[in-house]
Amino acid sequence: MIEPRQFRLGILGSGKGSNAAAIAEACAAGTIPARVALVLSDVENAGILDRARERGLPARFIPPGKFRTKLDEPAEAAFLQALRQAEVDLVVLAGFMRILKGELLRAFAQRVVNIHPALLPAFPGLEAWKQALDYGAKMTGVTVHFVDQGIDTGPIIAQETVPILPGDTPESLHARIQEVERRVYPAAIAALARGEIRVHGRQTIFAKPLQDL
């Protein structure tokens with residue numbers, strides 16, 4: 001009897017890889033019904049590659065090209081080829097610091113997800129936790145969303161609030177946000193792997209509440 005094909009994740013990251021590690025561990029535990037097929041980074045010595053290799057996962061550095069904030073066309077083509085060769089079903093951005101455009105997003109339409117350290121649409125862009133703190137907000141949080149051609153503008157999958165406490169520093173607030181990220185992101189990816197989320201316009205519709213997954 002042929003076993004059903006397992007849902008496959010491709011993870012892209014530029015940093016230490018804490019979210020990638022949480023996702024990989026959830027896959028290994030069966031919490032996410034998927035396997036990590038490939039981990040890619042635009043930073044040659046990124047911690048995410050070390051964390052992947054420690055877990056026996058395929059991991060590669062691909063040079064990002066000539067631009068500072070996005071992949072150039074040859075780099076994007078190399079990332080896309082690697083993801084296709086790994087037969088990836090869902091592209092997961094885990095601290096990937098390049099803006100994705102063009103052919104990669106077209107090839108994986110509504111199959112690229114990201115987690116942002118704020119309650120979008122508030123505080124898009126870099127260092128969102130610091131933006132919230134500087135603004136004097138009393139509440140921030142995390143947002144899991146699909147990636148589109150804009151910056152942090154894709155349909156929202158899940159959000160959870162994180163209070164900003166008196167005396168918070170950017171470091172203390174970011175640490176609490178990351179704790180929530182490591183729980184919310186795997187739950188959202190599990191729902192996607194089970195086919196329990198569909199998109200209608202800008203609305204994401206769940207087969208059952210995310211907290212029950």
Side-chain angles (χ1 to χ4, degrees), residues 9 11-27 29 31-32 36 39-55 59 61 64 67-71 91-100 112-148 150-191 204 210-211 213:
L9 307 177
I11 301 178
L12 277 56
S14 305
K16 295 178 181 178
S18 59
N19 273 319
I23 292 162
E25 288 163 8
C27 288
T31 308
I32 298 175
V36 178
V39 176
L40 299 174
S41 182
D42 61 320
V43 178
E44 189 168 12
N45 60 351
I48 190 172
L49 296 176
D50 294 331
R51 291 190 173 206
R53 291 165 182 149
E54 289 166 2
R55 291 165 172 80
F61 160 67
F67 300 119
R68 185 174 62 86
T69 60
K70 66 179 182 178
L71 301 174
V91 179
V92 177
L93 306 186
F96 191 62
M97 301 306 292
R98 303 272 171 174
I99 299 168
L100 294 181
V112 182
V113 294
N114 184 43
I115 191 161
H116 183 74
L119 294 174
L120 293 173
F123 309 119
L126 297 175
E127 295 188 326
W129 63 93
K130 189 173 185 298
Q131 292 183 54
L133 198 60
D134 290 345
Y135 191 82
K138 302 303 181 186
M139 194 75 65
T140 186
V142 304
T143 302
V144 181
H145 63 98
F146 288 105
V147 178
D148 62 11
I151 298 175
D152 300 324
T153 56
I156 290 170
I157 299 168
Q159 291 185 307
E160 185 166 325
T161 59
V162 175
I164 297 176
L165 304 177
D168 254 337
T169 64
E171 294 75 21
S172 65
L173 178 58
H174 192 208
R176 289 205 317 284
I177 288 172
Q178 287 180 313
E179 288 179 10
V180 175
E181 287 181 341
R182 290 191 286 268
R183 175 169 46 79
V184 173
Y185 211 7
I189 292 167
T204 49
L210 187 63
Q211 61 265 28
L213 300 175

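Along the sequence shown, residues carry numbers from 1.
In terms of the salt bridge (Lys or Arg N to Asp or Glu O under 4.0 Å) criterion, residue partners of Asp168 (sequence neighbours excluded) are, by chain and number, Arg176. Residues meeting the salt bridge (Lys or Arg N to Asp or Glu O under 4.0 Å) test with Arg183, sequence neighbours left out: Glu160. Residues passing the ring-ring contact (aromatic ring centres under 6.0 Å, His included) test with Tyr135, sequence neighbours excluded: Phe123. In terms of the side-chain hydrogen bond (donor to acceptor under 3.5 Å, both in side chains) criterion, residue partners of Arg55 (sequence neighbours excluded) are, by chain and number, Glu25. Legend: residues meeting side-chain hydrogen bond (donor to acceptor under 3.5 Å, both in side chains) with Thr143, ordered by chain and number and at least two apart, are Gln159. In this structure, Tyr185 has no ring-ring contact (aromatic ring centres under 6.0 Å, His included) partners at least two apart in sequence or on a different chain. Annotation: side-chain contact (heavy atoms from CB on, under 4.5 Å) contacts of Pro163 (sequence neighbours excluded): Met139, Leu165. Remark: Asp148 pairs with Thr153, Arg202 by the side-chain contact (heavy atoms from CB on, under 4.5 Å) rule, at least two apart or across chains. Not counting sequence neighbours, the partners of Lys130 by the side-chain hydrogen bond (donor to acceptor under 3.5 Å, both in side chains) test are Asp134.
Contact detail for Ala94 and Asn19: the closest heavy-atom pair is CB-CB, 4.2 Å. Across every non-hydrogen atom of Glu181 and Pro117, the tightest pair is OE2-CB, 3.7 Å. Between Ala26 and Pro186, the shortest heavy-atom distance links the atoms CB-CB, 4.1 Å. The minimum heavy-atom distance linking Leu12 with Phe96 is given by the pair O-CB, 3.5 Å. Taking all atoms of both residues into account, the shortest heavy-atom contact from Val36 to Ala24 is CG2-CA, 4.1 Å. Closest heavy-atom contact between Ile164 and Ala137: CD1-O, 3.1 Å.
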Do any side-chain atoms of residues 42-49 form donor-acceptor pairs under 3.5 angstrom with protein atoms, and if so which ones, sequence neighbours left out?
{"from": "Asp42", "atom 1": "OD1", "to": "Ser14", "atom 2": "OG", "distance (Å)": "2.6"}
{"from": "Asp42", "atom 1": "OD2", "to": "Arg98", "atom 2": "NE", "distance (Å)": "2.9"}

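Taking a 6.0 Å sphere around CD1 of Ile151, one finds it holds 12 or fewer heavy atoms contributed by other residues, nucleotides or ligands.
A side-chain donor-acceptor contact under 3.5 Å links Thr204 to the backbone of Ile156.
Contact annotation: the side chain of Leu93 approaches that of Leu100 to within less than 4.5 Å [non-hydrogen atoms, C-beta and beyond].
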